[in-house]
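For reference, the structure is listed below as structure tokens.
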Amino acid sequence: MNSTHLSKRLQTVSDHVEPGSRLADIGSDHAYLPIHLAQTHVIDFGVVGEVAKGPLANATSEITKDHLLGVLHPRLADGLAAIEPGDDINAITIAGMGGNLITHILEAGKERLVGKEKLILQPNVGEPVVRSWLMANQYRILAEQILKEDGHIYEIITAKKTAKPVKYSELALKFGPFLLKEKSPVFVEKWREEMGLLARVIKNMEQATIPDTAKIAAIQSEINLINEVIKVES
């Protein structure tokens, strides 16, 4: 993968960045995503944020190699602290991290969010945590996508701030309001695999000298819920 040929995951993230956006890519690694967006003229301004010097050096090297230092601005900073007054950022991408870390970055940097930013988030795990943060902070989910690449399943969540409180059901927080409606083959595959994992957990727990029946019942309830959502046999 490079800035010319993004992974399917990053290409899907990039598809949600609207032309003319002023982007902050947080945890950019080699900066392939913002470089690609700059080269394809989707953006003409981008902040490339990294919390560690090594990844920042990688990003700066790639940006320099592609002669984009006038467009993309690599900065050593923790999370949204990479955004400076005057950047006028209206799109933020955070991809390839766990949901807990993504929500920590958003929560810790809330003072940098002015309310007009489109959040484009790709958690590797912990998607319900991300959705719960968005709901609690009045961000409405605009779109969701789920895809499989190299044996891994990824979800992309985009959201924008609203003037009114946002409310999602527990089912929508767990499965995703858009993904729950679409129930794509990849969605079904993801949750079928989760059911299999939970079933193996129950099997192992049942072999204990004194099985924790309450916990086993709770896990079985989760299996039943997933089974009802995806309509497959457990």
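Given the structure is predicted, the values throughout are model-derived calculations rather than measurements.
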Applying side chain to side chain contact (heavy atoms under 4.5 Å, CB included) to Thr93 and Ile26, what does each step give before you reach the verdict? CA-CA 6 Å; Thr93 49; Ile26 306 301; over 6 Å; no
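- With Gln122 contributing its side chain and Gly96 its backbone, the two residues share a donor-acceptor pair below 3.5 Å.
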Let me see the working for Asn137 and Val166 under side chain to side chain contact (heavy atoms under 4.5 Å, CB included), right down to the final yes or no. CA-CA 8 Å; Asn137 290 275; Val166 177; over 6 Å; no
Where do Val48 and His73 land on the side chain to side chain contact (heavy atoms under 4.5 Å, CB included) test, with the steps shown first? CA-CA 6 Å; Val48 178; His73 307 273; over 6 Å; no
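- Relative orientation of the His152 and Tyr154 rings is tilted, given thresholds of 30° and 60° on the angle between their planes.
- Between atom CD of residue Glu149 and atom CZ of residue Arg9 there is a gap of 7.0 Å, rounded to the nearest 0.5 Å.
- Checked by atom type and distance alone, the side chain of Asn90 pairs as donor or acceptor with a backbone atom of Arg22 at under 3.5 Å.
- The closest donor-acceptor contact from the side chain of Gln138 to the backbone of Lys161 lies at 3.5 Å or more, if one exists at all.
- Taking 4.5 Å as the limit, some side-chain heavy atom of Leu134 sits within range of a side-chain heavy atom of Leu119.
- Within the 4.5 Å cutoff, no side-chain heavy atoms of Phe45 are placed close to those of Leu72.
- Going from atom CD1 of Ile35 over to atom NE2 of His67 covers 11.5 Å, rounded to the nearest 0.5 Å.
- The shortest side-chain heavy-atom distance between Leu179 and Ser184 does not fall under the 4.5 Å cut-off.
- Within 6.0 Å of the CD atom in Glu111, the count of heavy atoms belonging to other residues, nucleotides or ligands exceeds 12.
- For the residue pair Ala82 and Asp87, the shortest heavy atom distance occurs at O-OD2, 4.1 Å.
- Salt-bridge formation is detected for the pair Lys110/Glu107: a Lys NZ or Arg NE/NH1/NH2 atom is positioned less than 4.0 Å from an Asp or Glu carboxylate oxygen.
- With contacts defined as side-chain heavy-atom distances shorter than 4.5 Å, the pair Phe175/Leu225 qualifies.
- Scanning both residues, Gln11 and His36, for their nearest heavy atoms gives OE1-NE2, 3.7 Å.
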Could you check Leu68 against Gln39 for side chain to side chain contact (heavy atoms under 4.5 Å, CB included), going step by step and ending with a plain yes or no? CA-CA 9 Å; Leu68 287 169; Gln39 289 176 328; 4.1 Å; yes
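- Looking only at distances, no side-chain donor or acceptor of Glu62 sits under 3.5 Å from a matching main-chain atom of His30.
- Tyr168 and Ile102 fall within a single hydrophobic cluster, where Ile, Leu, Val, Met, Phe, Trp and Tyr are joined by side-chain heavy atoms under 4.5 Å apart, directly or via other members.
- When atom types are taken as modelled, the side chain of Thr103 and the backbone of Asn100 share a donor-acceptor pair closer than 3.5 angstrom.
- Hydrophobic clustering places Ile141 together with Leu113 (ILVMFWY residues linked when any side-chain heavy atoms are closer than 4.5 Å, directly or through intermediates).
- The pair Lys203-Glu206 fails the salt-bridge criterion, with no side-chain N (NZ, NE, NH1 or NH2) lying under 4.0 Å from an Asp/Glu carboxylate O.
- Linking Ile, Leu, Val, Met, Phe, Trp and Tyr residues whenever their side-chain heavy atoms come within less than 4.5 Å leaves Val129 and Leu106 in two separate clusters.
- Environment of CG in Asp78: sparse, with no more than 12 heavy atoms of neighbouring residues, nucleotides or ligands closer than 6.0 Å.
- By the 4.0 Å N-to-carboxylate-O rule, Glu222 lies close enough to Lys174 to be salt-bridged with it.
- At distances below 3.5 Å, not a single donor-acceptor pair connects side-chain atoms of Thr158 with backbone N or O atoms of Ile120.
- Residues Lys53 and Leu56 are not in side-chain contact: their nearest non-hydrogen atoms beyond the backbone lie 4.5 Å or more apart.
- Side-chain contact of His16 with Gln145: a donor-acceptor pair under 3.5 Å is present, judged by distance alone.
- Between Glu144 and Arg131 there is a salt bridge, since at least one side-chain N of the basic residue sits less than 4.0 Å from a carboxylate O of the acidic one.
- Environment of NZ in Lys215: sparse, with no more than 12 heavy atoms of neighbouring residues, nucleotides or ligands closer than 6.0 Å.
- Scanning both residues, Val130 and Ile157, for their nearest heavy atoms gives CG1-CD1, 4.3 Å.
- Here Arg75 pairs with Glu84 in a salt bridge; the nearest charged N to carboxylate O distance falls below 4.0 Å.
- Annotation for Pro34 and Ile43: closest pair O-CD1, 3.9 Å, computed over non-hydrogen atoms.
- The shortest distance between side-chain heavy atoms of Lys118 and Ile92 does not fall below 4.5 Å.
- Atom CG of Asp25 and atom CD1 of Ile89 lie 10.5 Å apart (nearest 0.5 Å).
- Contact of the Glu18 side chain with the Val42 side chain is not registered, since no non-hydrogen atoms from C-beta on lie closer than 4.5 Å.
- Side-chain N or O atoms of Ser21 include none that pairs as donor or acceptor with a backbone N or O of Leu23 at under 3.5 Å.
- Contact check for Leu147 versus Ile156: side-chain heavy atoms found under the 4.5 Å cut-off.
- Of the possible donor and acceptor atoms, one in the side chain of Thr64 sits under 3.5 Å from a partner among the backbone N and O of Thr60.
- With hydrogens and angles disregarded, no donor-acceptor distance shorter than 3.5 Å links the side chain of Arg140 to the backbone of Lys160.
- Contact detail for Glu228 and Lys231: the closest heavy-atom pair is OE2-NZ, 2.5 Å.
- In this structure, Lys183 contributes its side chain and Val229 its backbone to a donor-acceptor pair below 3.5 Å.
- Side-chain contact check for Gln220 and Asn224: at least one donor-acceptor pair (N or O, by modelled atom type) lies under 3.5 Å.
- Residues Ser14 and Leu33 come closest through the heavy atom pair CB-CD1, 3.4 Å.
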